[in-house]
Amino acid sequence: EQAEHGATTDVHPGSAPQAVGPPLLVLRGVDKHFGELHVLQDVDLTVGKGEVVVVLGPSGSGKSTLCRVINRLETIGSGSITIDGQELPEEGKGLAQLRADVGMVFQSFNLFAHKTVLENVTLGPMKVRKVPASQARERARELLRRVGVESQADKYPAQLSGGQQQRVAIARALAMEPKIILFDEPTSALDPEMVTEVLDVMVSLARAGMTMVVVTHEMGFARRAANRVVFMADGKVVEEGDPESFFTAPRTARAQDFLSKIL
Ligand code: ADP
Ligand code: MG
């Protein structure tokens, strides 16, 4: 995988990947209201191929809504969202296809409780991508190995630790071969000792060139893997920059205030 990205990818421990390709996800002037609440205000965001963007900001600033509009779990009021040059349609077959290109990993794992780990990973590819069962199972085992839970394949989610469940959720997202994966506070519901095992998987994905938007307050992850940090407050992108500058010298009062509370 290193060879794939050649000399432009910096794989030294502690430094972020450098390879950022052409725009993959583009949000322009995205606005959304929930009734009176202006939850997203004129949001512009461009994520390049292979780029890892960490989104942070206070609770209620619109981070989850941002993730949800990107795969149309929520509609937008105005503005546009394009993935790989294609505008997200409101509904229909095109939407299902585009949605399949956007993986999503939630805080609460959201695995199918009544399906085995292996079934959780094969279901999407078989249903949406029409991959034959034997091929889907083979690929699923490979992905479960990649995230370190291959020995859990025949268990049910409830029999796994939170960290293992979240790694299965990542394997499930990868199984769809998405162009981009959105992570919404993937480690917030985990016991502290399980946070690292999930972040390590995410760092390895980042280094392998996956395009990722990650809502997290894990500074360590941002420093190890992010190309860029985007800080949101009150539905707006207030500040963005490289992780090191953002964490050591935030420019806006809002970001300074936020960091003083979480650092
Ligand atoms: P964050 O993820 O940054 O904490 P959210 O995107 O979840 O923020 O929420 C932003 C604001 O929108 C909050 O004030 C929240 O209460 C509100 N909100 C989120 N989802 C809905 C909804 N479905 N209906 C009404 N208000 C919502
Ligand atoms: Mg949220």
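Computed from a predicted structure; not experimentally measured. Keep in mind that the numbers below use all heavy atoms, side chains included, and drop hydrogens, waters and symmetry copies. First listed ligand is number 1; within each ligand, the first listed atom is number 1. Numbers here are sequence positions counted from 1.
Heavy-atom proximity to atom 7 (O) of ligand 1, evaluated over Ser59, Ser64, Ser61, is greatest for Ser64. Considering only non-hydrogen atoms, atom 3 (O) of ligand 1 lies nearest to Lys63 out of Glu36, His38, Lys63. Residue Gly60 holds the heavy atom nearest to atom 10 (C) of ligand 1 of all those in Gly60, Cys67, Gly57.
Of the N and O atoms on the side chains of Thr211 and Glu51, not one donor lies less than 3.5 Å from an acceptor on the other residue. In summary, the side chains of Asp184 and Ser64 do present a donor paired with an acceptor at a separation below 3.5 Å, with no hydrogens or angles considered.
Under a 4.0 Å N-O distance rule, the pair Asp84/Lys179 qualifies as a salt bridge. Using a cut-off of 4.0 Å between Lys/Arg side-chain N and Asp/Glu carboxylate O, Glu240 and Arg251 are scored as not salt-bridged. The pair Asp200-Arg224 meets the salt-bridge criterion, with a side-chain N (NZ, NE, NH1 or NH2) lying under 4.0 Å from an Asp/Glu carboxylate O.
Close contacts between ligand 1 and Val39 involve ligand atoms 10 (C), 11 (C), 12 (O) [criterion: under 4.0 Å to a heavy atom]. Below 4.0 Å from some heavy atom of Pro58 lie the following atoms of ligand 1, by number and element: 3 (O).
Lys63 places no side-chain N or O within 3.5 Å of a backbone atom of Leu56 that could act as its donor or acceptor partner. Not one N or O on the side chain of Gln152 forms a donor-acceptor pair closer than 3.5 Å with the backbone of Gln165. Put simply, the side chain of Asn120 gets close to the backbone of Lys115: a donor and an acceptor are under 3.5 Å apart.
Counting heavy atoms closer than 4.0 Å to ligand 1, residue Asp184 contributes nothing at all.
In terms of protein heavy-atom proximity, atom 14 (O) of ligand 1 is closest to Leu37 CD2, 3.5 Å. Residue, atom and distance of the protein heavy atom nearest to atom 23 (N) of ligand 1 are Phe34 CE2, 3.5 Å. Scanning the protein for heavy atoms near atom 5 (P) of ligand 1, the closest one is Thr65 OG1, 3.7 Å.
Counting backbone and side-chain atoms alike, Ser64 contributes an N/O/S atom closer than 2.8 Å to the Mg ion (ligand 2).
At least one N/O-N/O distance between Gly62 and ligand 1 falls below 3.5 Å.
Distance check for atom 16 (O) of ligand 1: every protein heavy atom is found at 4.0 Å or beyond.
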